[in-house]
Asker: 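Pasting a structure here, questions to come.
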Amino acid sequence: LVAYNAAIGSYMNVGEYDKALALYESMKEKKIKPDSITYNVLMTGCCKMSKYDEAIGFLDEMTNSKVPVSKEVYSSAISAYSKQGRIAEAESMYAQMKAARCQPDIITYTKLIHAYSIAEKWEKAYAIFEEMMANDIEPDVVSCSALMRAFNKGNQPAKVLSLLEYMKDKNLPISDAICFEVISACSLLRDWRTAIELIKVMEPSFHKLSTGQLNHLLHFLGKSGKMETMMKVFLKMVASGAEISQPTYSVLLKNLLASGNWRKYIEVLQWMEDTGIQPS
RNA sequence: UCGGAGCACCA
C-alpha cells in the first residue's frame, strides 16, 4: 500500500496522470484497498494538473467505499472547490469536516482564508482568521500572507499594514511573500515611504529572492518614480552575482523611458549589449 | 507514502 501510494504520488508530480490512474486500478485488482492517503495523493495530483472534476470524483469514490475522510482530504477538497470558484461547496466541505468532528488545523484554516481570497470576500477571510485564533491556533507567516492577499484584493491596504504590526508583535518573520503583500498595500495607499523602508530591511537578503521577485521589486520602484533606488537595487543584484536576464532589462528600460531618463536608458542598453543579451 | 500563501515583463 505504501509503495503504491508513493508511486502514484511520483507519477502525479511529473504529470503522468494516466500512469498514476493505472496504478490505482491495478491496486484495486490486486485487492489492495486504497486508503485515505491514496485518495489524497490522487486528489492533490489532479488539482496540480487542474483536473478538478477528477479530484472531486475521487472524493466520491472514497466516500462510496467507506474510506474515512482525513483532515488532509477535507483540506484538499476545499482547495479543489475553491480553485474553481465553487465557494459554497468549499464551505460545505468545511461544515462536513466539523460535523465529522475532524479538527481543522492551521493548514485547513489557511486554505479557507485562501478560498475567500479567491472569492474576493475579505470579511469572510478575516472571520476565519479570528475563528482560528479563537481555537487557540497561533497564526503563522503563511496564514498571515494569505489574509494579506485577501485584504489587498478587497482594497483594504490599511488592514494589511495593521496585520504587519501584529506580526511584528508576535515576532513572526517577515518572509518575502509578506514583503510583497505589504508593498502592494503601500502601492494602493501610495505610501512609498513605508515601502522603501521595507525594501531597505530586505536588502541583506536580496540574494535569496527569485528573479521574478527582484523584477517585481524593480517594477514597483520604477512605477513609484524611485528611479535612483531602482538603479541602486539593480546594481546590488549585479554585485550579488545574480543572473540578470532580458526581462530584468525590459523592466529597467521601460521605467527609464517612462520617466524620460534617456541618458540612463542608453547606458543600460549599452550594458545589455555588453553582456550579450539581445534586445527583444 | 499525503494537504497551505506570495513572485515581474510578455501573452
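Order of the sequence lines fixes the chain letters, A, B, ..., with proteins taken first and strands second; residue numbering starts at 1 for each chain.
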Asker: Would you kindly give the NZ-to-P distance between A:K71 and B:rG4, to the nearest whole Å?
Answerer: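 Spelled out: NZ on A:K71 to P on B:rG4 is 14 Å.
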
Asker: Report the nucleotide, chosen from B:rU1, B:rA8, B:rG6, that has the shortest atom-to-atom distance to any side-chain atom of A:H114.
Answerer: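 That would be B:rG6.
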
Asker: Anything under 30° is parallel, anything over 60° is perpendicular, the rest tilted; go ahead and classify A:W271 against A:F234.
Answerer: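 Correct class here is parallel.
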
Asker: Separation of A:M202 atom CE from B:rG6 atom C1', in whole Å?
Answerer: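 In whole Å, B:rG6 C1' and A:M202 CE are 11 Å from each other.
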
Asker: Under 3.5 Å, is there a donor-acceptor pair between the A:Y81 and A:Y94 side chains?
Answerer: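 Per modelled atom types, A:Y81 and A:Y94 side chains form no pair under 3.5 Å.
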
Asker: One pair to check against side chain to side chain donor-acceptor pair (under 3.5 Å): A:S65 and A:E61. What are the steps and the verdict?
Answerer: CA-CA 6 Å; A:S65 43; A:E61 272 183 48; over 6 Å; no

Asker: If you take any heavy atom closer than 4.0 Å to RNA chain B, which residues from residues 22-37 of chain A end up in contact?
Answerer: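 Contacts with RNA chain B under 4.0 Å: A:I37.
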
Asker: Quick one: the side chain of A:S210 and the base of B:rC7, do they pair up donor-acceptor inside 3.5 Å?
Answerer: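 For A:S210, whose side chain was compared with the base of B:rC7, there is a donor-acceptor pair (under 3.5 Å).
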
Asker: Once you round it to whole Å, what is the distance between P of B:rA5 and CE of A:M132?
Answerer: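 Nearest whole value for this atom pair: 15 Å.
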
Asker: Among B:rA5, B:rC2, B:rG4, which nucleotide sits nearest the side chain of A:T110?
Answerer: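 Between B:rA5, B:rC2, B:rG4, the one nearest the side chain of A:T110 would be B:rG4.
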
Asker: Can a salt bridge be assigned to the pair A:E228 and A:K232 using a cut-off of 4.0 Å between side-chain N and carboxylate O?
Answerer: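 No, no charged N to carboxylate O under 4.0 Å.
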
Asker: Among the nucleotides B:rG3, B:rA5, B:rC7, which one has an atom lying closest to any side-chain atom of A:T108?
Answerer: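 The closest nucleotide is B:rG3.
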
Asker: Select one nucleotide: of B:rG4, B:rC7, B:rC2, the one nearest the side-chain heavy atoms of A:I107.
Answerer: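 Closest of the options to the side chain of A:I107: B:rG4.
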
Asker: Suppose the criterion is salt bridge (charged side-chain N to carboxylate O under 4.0 Å, His left out): which pairs have a residue in residues 29-55 of chain A, not counting sequence neighbours?
Answerer: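 For residues 29-55 of chain A, and leaving out neighbouring residues, the salt bridge (charged side-chain N to carboxylate O under 4.0 Å, His left out) pairs sorted by first residue read A:D53-A:R86.
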
Asker: Does either side chain, that of A:S26 or that of A:Y4, offer a donor lying less than 3.5 Å from an acceptor on the other one?
Answerer: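 A pair is found: one side chain offers a donor N or O, the other an acceptor, under 3.5 Å apart.
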
Asker: Mark yes or no for a side-chain to base donor-acceptor pair under 3.5 Å between A:S75 and B:rG3, with no hydrogen or angle criteria applied.
Answerer: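 Counting by modelled atom types and ignoring angles, a donor-acceptor contact under 3.5 Å is found here.
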
Asker: With respect to the side chain of A:H216, which nucleotide from B:rG4, B:rC7, B:rC2 is positioned closest?
Answerer: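 Between B:rG4, B:rC7, B:rC2, the one nearest the side chain of A:H216 would be B:rC7.
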
Asker: Output the rounded distance in Å from OH (A:Y11) to C1' (B:rC2).
Answerer: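 Roughly 19 Å, once rounded to whole Å.
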
Asker: Evaluate the criterion side chain to side chain donor-acceptor pair (under 3.5 Å) for residue pair A:N135 and A:Y109; output intermediate values, then yes/no.
Answerer: CA-CA 11 Å; A:N135 287 321; A:Y109 283 120; 2.7 Å; yes

Asker: How about A:D176 and A:Q213: does a side-chain donor come under 3.5 Å of a side-chain acceptor?
Answerer: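 Yes, A:Q213 and A:D176 have a side-chain donor paired with an acceptor closer than 3.5 Å.
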
Asker: What's the CG-P distance between A:L214 and B:rA8, to the nearest Å?
Answerer: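 Going from A:L214 (CG) to B:rA8 (P), I get 12 Å.
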
Asker: Please give, in whole Å, the distance from B:rC7 C1' to A:L218 CG?
Answerer: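 The distance from CG of A:L218 to C1' of B:rC7 comes to 13 Å, rounded to the nearest Å.
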
Asker: Do A:K98 and A:E131 sit within salt-bridge range, that is, some charged N less than 4.0 Å from a carboxylate O?
Answerer: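 Yes.
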
Asker: If you go through the side-chain atoms of A:S76, does one of them form a donor-acceptor pair with the base of B:rG3 closer than 3.5 Å?
Answerer: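 By the distance-only test, no, there is no pair.
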
Asker: Using whole Å, report how far NZ of A:K223 lies from C1' of B:rA8.
Answerer: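 My rounded result for the distance is 10 Å.
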
Asker: Taking salt bridge (charged side-chain N to carboxylate O under 4.0 Å, His left out) as the cut-off, I'd like each qualifying pair that reaches into residues 247-267 of chain A, sequence neighbours left out, listed once.
Answerer: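 Sorted result for residues 247-267 of chain A: A:K264-A:E267.
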
Asker: Provide a list of protein-nucleic acid N or O atom pairs under 3.5 angstrom, restricted to nucleotides 9-11 of chain B.
Answerer:
none

Asker: Counting only side-chain heavy atoms from C-beta out, which of B:rG3, B:rG4, B:rA5 sits nearest to A:R149?
Answerer: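 Within the option list, the nearest is B:rA5.
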
Asker: State which residues pass ring pair (Phe, Tyr, Trp, His ring centres under 6.0 Å) with A:F129; sequence neighbours excluded, sorted by chain then number.
Answerer: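 Per chain and number, A:F129 pairs via ring pair (Phe, Tyr, Trp, His ring centres under 6.0 Å) with no residue.
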
Asker: Do you see a donor-acceptor pair shorter than 3.5 Å between the side chains of A:S250 and A:Q246?
Answerer: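 Indeed, the side chains of A:S250 and A:Q246 share at least one donor-acceptor pair under 3.5 Å.
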
Asker: Near RNA chain B, counting only heavy atoms under 4.0 Å, which residues of residues 171-201 of chain A show up?
Answerer: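 The stretch gives A:D176, A:A177, A:E181 as the residues lying under 4.0 Å from the strand, ordered by number.
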
